[in-house]
*Asks:* 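This is the structure I have questions about; it appears just below.
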Amino acid sequence: MSDTPRLPGLTSAEADWLVQAAPAVGAERGFPPLAVAVVDLTGEVVVLRRADGGMPMTSRIAVAKARTALLALRSSGLIQLPGGIVDSIQHLYGGDFVPWAGGVLVTDGDVILGAAGASGAHAVEDEEAVQTAVRRWQEGRSG
């Protein structure tokens, strides 16, 4: 056992579960192959997985969507900002700010544990897949 403290939030096993569940949801619904990322409370990647056949660029977009949800404390698709402000925020965060659907917070009640992001389908489909996976994970924790 290490003496190094652990940040609160998701375990690697929980993050693994989410990155396996979201692409499965997408496949069930006929979406193109997805990349799914889970980030911790600092915005660092815990797990990133791209489904076979997924476009390489979707990996970085999935991470950026997850980080965006974490930075904004809301789903990335709910962010309503003028283009100039989005450009400024993207500059501040080195391009890791993507105010399109697909990034969601992972919570336990009102406590944020991390965030998950998906990319590869249409943005609303990305969000549907990752939000469904998060909801199923939350239901499994409480059930």
*Asks:* Without swapping roles, check the side chain of Asp126 against the backbone of Ala121 for a donor-acceptor pair under 3.5 Å.
*Replies:*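 Yes, the answer is positive, given that a donor and an acceptor are paired below the 3.5 Å cut-off.
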*Asks:* With the side chain counted from C-beta on, respond yes when Pro8 and Leu41 share a heavy-atom pair under 4.5 Å apart, and no when they do not.
*Replies:*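 Sidechains of Leu41 and Pro8: in contact.
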*Asks:* Decide yes or no for Phe31 and Glu128: does some side-chain heavy atom of the first lie under 4.5 Å from some side-chain heavy atom of the second?
*Replies:*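 Yes. Closest side-chain heavy atoms under 4.5 Å.
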*Asks:* Are the side chain of Thr58 and the backbone of Gly54 linked by a donor-acceptor contact shorter than 3.5 Å?
*Replies:*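 Side chain of Thr58 to backbone of Gly54: no pair is present.
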*Asks:* One thing to verify: whether Arg29 and Glu125 come together as a salt bridge, which I'm taking to mean a side-chain N less than 4.0 angstrom from a carboxylate O.
*Replies:*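 Salt bridge: no.
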*Asks:* Would you say Arg135 and Val130 make side-chain contact, with heavy atoms under 4.5 Å?
*Replies:*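 Arg135 vs Val130: side chains apart.
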*Asks:* Are Tyr93 and Val63 connected, step by step, through hydrophobic side chains (Ile, Leu, Val, Met, Phe, Trp, Tyr) whose heavy atoms are closer than 4.5 Å?
*Replies:*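 Hydrophobic grouping puts Tyr93 apart from Val63.
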*Asks:* With a 4.5 Å cut-off on side-chain heavy atoms, are Arg49 and Leu34 touching?
*Replies:*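 A side-chain contact under 4.5 Å is absent here.
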*Asks:* Do Leu18 and Val36 have side-chain heavy atoms sitting under 4.5 Å apart?
*Replies:*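 The answer is no; the side chains never approach within 4.5 Å.
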*Asks:* Quick one: does any side-chain atom of Asp108 pair with a main-chain N or O of Val111 as donor and acceptor, under 3.5 Å?
*Replies:*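 Looks like no, no N/O pair under 3.5 Å.
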*Asks:* Counting neighbours of CH2 on Trp137 that are heavy atoms of other residues, nucleotides or ligands and sit closer than 6.0 Å, is the number greater than 12?
*Replies:*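 Counting neighbours around CH2 of Trp137, more than 12 heavy atoms of other residues, nucleotides or ligands fall under 6.0 Å, so yes.
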*Asks:* Are Leu92 and Leu71 in one and the same hydrophobic cluster, where Ile, Leu, Val, Met, Phe, Trp and Tyr link if side-chain heavy atoms are under 4.5 Å apart?
*Replies:*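 Leu92 and Leu71: one cluster.
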*Asks:* Decide yes or no for Glu44 and Val39: does some side-chain heavy atom of the first lie under 4.5 Å from some side-chain heavy atom of the second?
*Replies:*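 No, side chains not in contact.
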*Asks:* Side-chain contact test, heavy atoms from C-beta onward, threshold under 4.5 Å: evaluate it for Val106 versus Val38 and give yes or no.
*Replies:*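 The answer is no; the side chains never approach within 4.5 Å.
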*Asks:* Under the salt bridge (charged side-chain N to carboxylate O under 4.0 Å, His left out) rule, what do Lys65 and Glu127 come out as? Steps first, then yes or no, please.
*Replies:* CA-CA 10 Å; Lys65 287 180 177 183; Glu127 185 144 341; over 6 Å; no
*Asks:* Just to verify, which of Asp87, Ile85, Val86 counts as forming a side chain to side chain contact (heavy atoms under 4.5 Å, CB included) with Ile89?
*Replies:*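 Single pass found, and it is Ile85.
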*Asks:* Under a 4.5 Å cut-off applied to non-hydrogen side-chain atoms, are Arg136 and Trp17 in contact?
*Replies:*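 In short, these two side chains touch, coming nearer than 4.5 Å.
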